[in-house]
J.: 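Okay, here's the structure, questions in a sec.
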Amino acid sequence: MLKLGIIGTHIITDQLLDAANKSGQYQLTTVYSRNMKRAEEFGKPYGATAFYDSLEKFFSEGDFDVVYIASPNSIHYQQVRLAIENDKFVILEKPALVNPHEFQEINKLLTAHPKARLFEAARNIHTPLFKAVVKKISQMKFGGATMNIMKYSSRIDKVYEDVQPIPNIFNPEFAGGALEDLGVYGVYLAVALYGKPDSVNYLPTMLKTGVDGNGVATLTYGERSVTIVVGKTSNNYLGTEFYGGRDTVWLDSAFNLRQGIYYDDQKQGHKFDVEVADNDMIYELQDFAEIINNLKDADKEAQYQRWLQLAEDVNKVIYDLRQSCDLIFPADTNY
Ligand SMILES: NC(=O)c1ccc[n+]([C@@H]2O[C@H](COP(=O)([O-])OP(=O)(O)OC[C@H]3O[C@@H](n4cnc5c(N)ncnc54)[C@H](OP(=O)(O)O)[C@@H]3O)[C@@H](O)[C@H]2O)c1
């Protein structure tokens with residue numbers, strides 16, 4: 001059983017802990033929150049026994065192997081540094097880091113701390129459905145893709161009503177916005193399937209807070225492209241399509257994959273018949289535990305290195321997309 005510590009006490013951590021319990025492979029022991037009472041209230045129902053409001057003490061005294069970090073995006077860098085310096089296995093929420101400079105620094109730290117591992121919690125690529133799609137697409141020609149990734153944010157009304165403070169997810173200080181939030185899932189699918197694009201372009205629709213509420217990203221691969229329509233101001237239901245020319249793979253979502261259909265060259269649909277868990281975070285947790293529990297297995301180490309490289313490639317593509325439209329965050333100017 002892997003002992004788990006957590007940073008961040010919001011909804012996604014509840015979902016992660018539900019998946020951790022269901023996996024039977026992790027037990028929450030230790031909670032960090034900026035507020036001690038919050039740490040206790042959040043962690044006790046999950047069986048945690050140690051609580052900290054000092055991040056340094058959480059890492060130096062806490063009895064855990066794995067730390068799950070689900071704090072606002074721009075805070076990840078400083079927290080993951082501490083985690084690696086303390087030789088932890090780190091599950092870091094997407095987007096792992098804000099820019100390639102941060103990634104390079106973290107890579108250097110990982111080299112200096114060979115016991116530590118860094119996993120980005122890109123839950124979509126760990127699902128059985130996506131793994132089945134990878135297999136199918138490897139048999140198809142490359143015809144590009146269209147992804148529709150829009151979800152109405154419960155926090156957007158606060159932006160419209162000028163409520164202060166600005167919700168973190170819509171605040172440039174915290175590297176928020178549609179691309180860094182939902183867009184990451186689309187870029188993950190594209191780079192996992194097709195590798196790094198030749199060039200990228202992003203057309204954001206900006207909110208008054210200084211982040212993108214919506215946008216259209218284009219990833220160009222030779223004579224084909226992947227178009228990602230992303231947004232946090234509406235819900236959409238179009239789903240995601242991967243083209244092969246005469247055949248197509250359709251998915252209902254790019255981030256919460258529940259249904260997939262392969263349409264053959266006769267336009268006949270064939271459903272992907274795979275397990276879909278109610279809480280799909282279980283799949284990434286199982287994948288990460290498999291690595292952590294088999295550190296001497298060369299194949300598993302190679303798989304870990306591929307995920308780390310994929311995380312770095314996604315980070316660079318997202319950064320290039322932002323650079324293409326001068327969407328700069330304070331975290332980009334720290335260097
Ligand atoms: N995988 C998914 O499906 C999924 C879904 C949602 C979010 N996420 C990712 O999870 C991360 C957290 O997102 P979220 O919406 O939960 O963020 P959030 O609500 O803004 O903050 C998450 C937690 O971070 C701490 N926090 C808040 N503001 C902070 C600040 N100014 N400085 C330091 N810590 C602060 C809070 O914990 P304490 O008050 O206890 O310190 C809070 O519970 C993001 O990277 C996001 O992209 C992933």
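Computed from a predicted model, the values in this text were never measured in an experiment. Nothing fancy with the numbering, it's 1 onward along the sequence. All ligand and atom numbering here is 1-based and tracks the order in the structure.
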J.: Consider only side-chain N and O atoms of T233 and N214, and report whether a donor and an acceptor are under 3.5 Å apart.
T.: yes
J.: Examine ligand 1 and decide if any of its atoms is less than 4.0 Å from a heavy atom belonging to P95.
T.: yes
J.: When you compare the side chains of Y202 and Q323, does any donor N or O come within less than 3.5 Å of an acceptor on the partner?
T.: no
J.: Do the ring centers of H126 and F288 come within less than 6.0 Å of each other?
T.: yes
J.: Between M36, E180, H10, which one has a non-hydrogen atom sitting closest to atom 16 (O) of ligand 1?
T.: H10
J.: Can you report which non-hydrogen protein atom sits closest to atom 28 (N) of ligand 1, along with the distance?
T.: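 Protein heavy atom at minimum distance: N168 ND2, 3.2 Å.
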J.: Give the residue and atom name of whichever protein heavy atom lies nearest to atom 38 (P) of ligand 1, and the separation in Å to one decimal.
T.: S33 OG, 3.4 Å
J.: May I ask you to check whether Y52 and Y32 place their ring centres under 6.0 Å from each other?
T.: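 No.
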J.: Within 45 degrees of the ring normal and closer than 6.0 Å to the centroid, is that where the cationic atom of K44 sits relative to F51?
T.: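 Verdict for F51: a cation-pi partner in K44.
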J.: Tell me: protein heavy atom nearest atom 2 (C) of ligand 1, and distance?
T.: Y185 OH, 3.0 Å
J.: At the 4.0 Å heavy-atom cut-off, does F42 count as touching ligand 1?
T.: no
J.: Minimum distance, heavy atoms only, to atom 41 (O) of ligand 1: which one of E120, R34, Q15, R38 is it?
T.: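 Of the listed residues, R34 has the closest heavy atom.
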J.: Who's closest to atom 23 (C) of ligand 1 heavy-atom-wise, of A70, G43, P165, A175?
T.: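 Nearest heavy atom to atom 23 (C) of ligand 1 lies in A70.
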J.: Between F272 and Y262, does the ring centre distance come in under 6.0 Å?
T.: no
J.: Among all protein non-hydrogen atoms, which one is nearest to atom 11 (C) of ligand 1, and what is the separation to 0.1 Å?
T.: S71 O, 3.3 Å
J.: Could you tell me the residue and atom name of the protein heavy atom closest to atom 43 (O) of ligand 1, and the distance to it rounded to 0.1 Å?
T.: T9 N, 3.1 Å
J.: If you have a sec, work out which protein heavy atom is nearest atom 31 (N) of ligand 1 and how many Å separate them, to one decimal?
T.: F174 CZ, 3.3 Å
J.: Run the ring-centre check on Y283 versus F130 and record whether the distance is less than 6.0 Å.
T.: no
J.: With a cutoff of 4.0 Å, is I75 in contact with ligand 1, counting heavy atoms of the residue only?
T.: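 Under 4.0 Å: yes for I75.
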J.: Which residue from E93, R123, R155, E173 reaches closest to atom 14 (P) of ligand 1 through any of its heavy atoms?
T.: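 It is R155 that holds the nearest heavy atom.
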J.: Using a 4.0 Å cut-off to any heavy atom of K94, which atoms of ligand 1 qualify?
T.: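 Result: 9 (C), 44 (C), 45 (O), 46 (C), 47 (O), 48 (C).
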J.: Starting from atom 45 (O) of ligand 1, locate the nearest protein heavy atom and write down its residue, its atom name and how far away it is, to 0.1 Å.
T.: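 For this ligand atom, the closest protein heavy atom is N73 OD1, 2.7 Å.
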J.: What are the atoms of ligand 1, with element, lying closer than 4.0 Å to any heavy atom of H76?
T.: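 Selected atoms, number and element: 45 (O).
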J.: Assess, by modelled atom type and distance only, whether the side chains of Q309 and R306 contain a donor and an acceptor separated by less than 3.5 Å.
T.: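 Looking only at side-chain atoms, R306 and Q309 do not form any donor-acceptor pair under 3.5 Å.
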J.: For atom 24 (O) of ligand 1, which protein heavy atom lies nearest, and how many Å away is it?
T.: P72 CD, 3.3 Å
J.: Cation-pi between R224 and Y243: NZ/CZ under 6.0 Å from ring centre and within 45° of the ring axis?
T.: no
J.: Using the ring of F103 (Phe, Tyr or Trp, six-membered ring only), decide whether K316 places NZ or CZ under 6.0 Å from its centre and within 45 degrees of its axis.
T.: no
J.: One thing to verify: whether E41 and K37 come together as a salt bridge, which I'm taking to mean a side-chain N less than 4.0 angstrom from a carboxylate O.
T.: yes
J.: Under 4.0 Å from a heavy atom of G8: give me the atoms of ligand 1 that qualify, with their elements.
T.: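 With G8 as reference, the close atoms of ligand 1 come out as 23 (C), 37 (O).
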